[in-house]
A.B. asks: 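For reference, the structure I am asking about is given below.
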Amino acid sequence: MDKTIYYNNLYDYYGELLTDKQRDYYEDYYFNNLSLAEIAENYKVSRNAIHNQLKLAILKLEMYEKTLKLYEKRL
């Protein structure tokens with residue numbers, strides 16, 4: 001649960017830097033609590049495509065924080 005809170009905080013800072021698709025998937029998964037299968041069905045893509053985009057979104061959020069350190073500075 002702590003990682004989810006951390007990622008949601010990073011999303012608050014850097015979410016606008018993600019692609020529209022990544023934001024939609026991220027919000028459906030982390031905010032709307034939809035499963036990968038449900039998201040895949042809604043967007044007519046594979047479950048694996050959703051998984052890969054979520055993974056990429058998390059990596060981007062971590063990279064932005066590593067570079068800009070906005071969340072760290074707030075703490």
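Along the sequence shown, the residues carry numbers beginning at 1. All figures in this text were calculated on a predicted structure; none of them were measured in a lab.
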A.B. asks: Any side-chain to backbone donor/acceptor pair from K73 onto L70? Under 3.5 Å, distance only.
C.D. replies: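 No, the answer is negative, given that no donor and acceptor are paired below the 3.5 Å cut-off.
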A.B. asks: Identify, with sequence neighbours excluded, every residue that meets ring pair (Phe, Tyr, Trp, His ring centres under 6.0 Å) alongside Y11.
C.D. replies: Y26, F31
A.B. asks: Rounded to the nearest 0.5 Å, what separation is found between the CG atom of L10 and the NZ atom of K66?
C.D. replies: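 So the gap between those two atoms works out to 14.0 Å.
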A.B. asks: How long is the straight-line distance from CG of L68 back to CE of M63, given to the nearest 0.5 Å?
C.D. replies: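 It is 8.0 Å, given to the nearest 0.5 Å.
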A.B. asks: To the closest 0.5 Å, what do you measure between CD (E27) and CG (N8)?
C.D. replies: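 Here the interatomic distance stands at 10.0 Å.
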A.B. asks: Atom CD of E41 and atom CG of L36: how far apart are they, to the nearest 0.5 Å?
C.D. replies: 13.0 Å
A.B. asks: Counting only heavy atoms not in K60, do more than 12 sit closer than 6.0 Å to its NZ atom?
C.D. replies: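 Yes.
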A.B. asks: What pairs with R47 under salt bridge (Lys or Arg N to Asp or Glu O under 4.0 Å), at least two apart in sequence or on another chain?
C.D. replies: none
A.B. asks: Hey, is R23 close enough to D20 for a salt bridge, meaning N to O under 4.0 Å?
C.D. replies: yes
A.B. asks: What heavy-atom pair brings Y7 and L61 nearest, and what distance separates the two atoms?
C.D. replies: O-CD1, 4.1 Å
A.B. asks: Is there a donor-acceptor pair closer than 3.5 Å between any side-chain N or O of E65 and the backbone N or O of E72?
C.D. replies: yes
A.B. asks: Determine whether Y71 and D12 make a side-chain contact, defined as any pair of heavy atoms from C-beta on separated by less than 4.5 Å.
C.D. replies: no
A.B. asks: How long is the gap from OG1 on T67 to OH on Y14, to the nearest 0.5 Å?
C.D. replies: 8.5 Å
A.B. asks: Under a 3.5 Å distance rule, please check whether E38 uses its side chain to pair with a backbone N or O of S35 as donor and acceptor.
C.D. replies: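 Between the backbone of S35 and the side chain of E38 there is a qualifying donor-acceptor contact (under 3.5 Å).
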A.B. asks: Looking at every heavy atom in both Y29 and L54, which two are closest together, and how far apart are they?
C.D. replies: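 In this case the closest contact between Y29 and L54 is CG-CD1, 3.7 Å.
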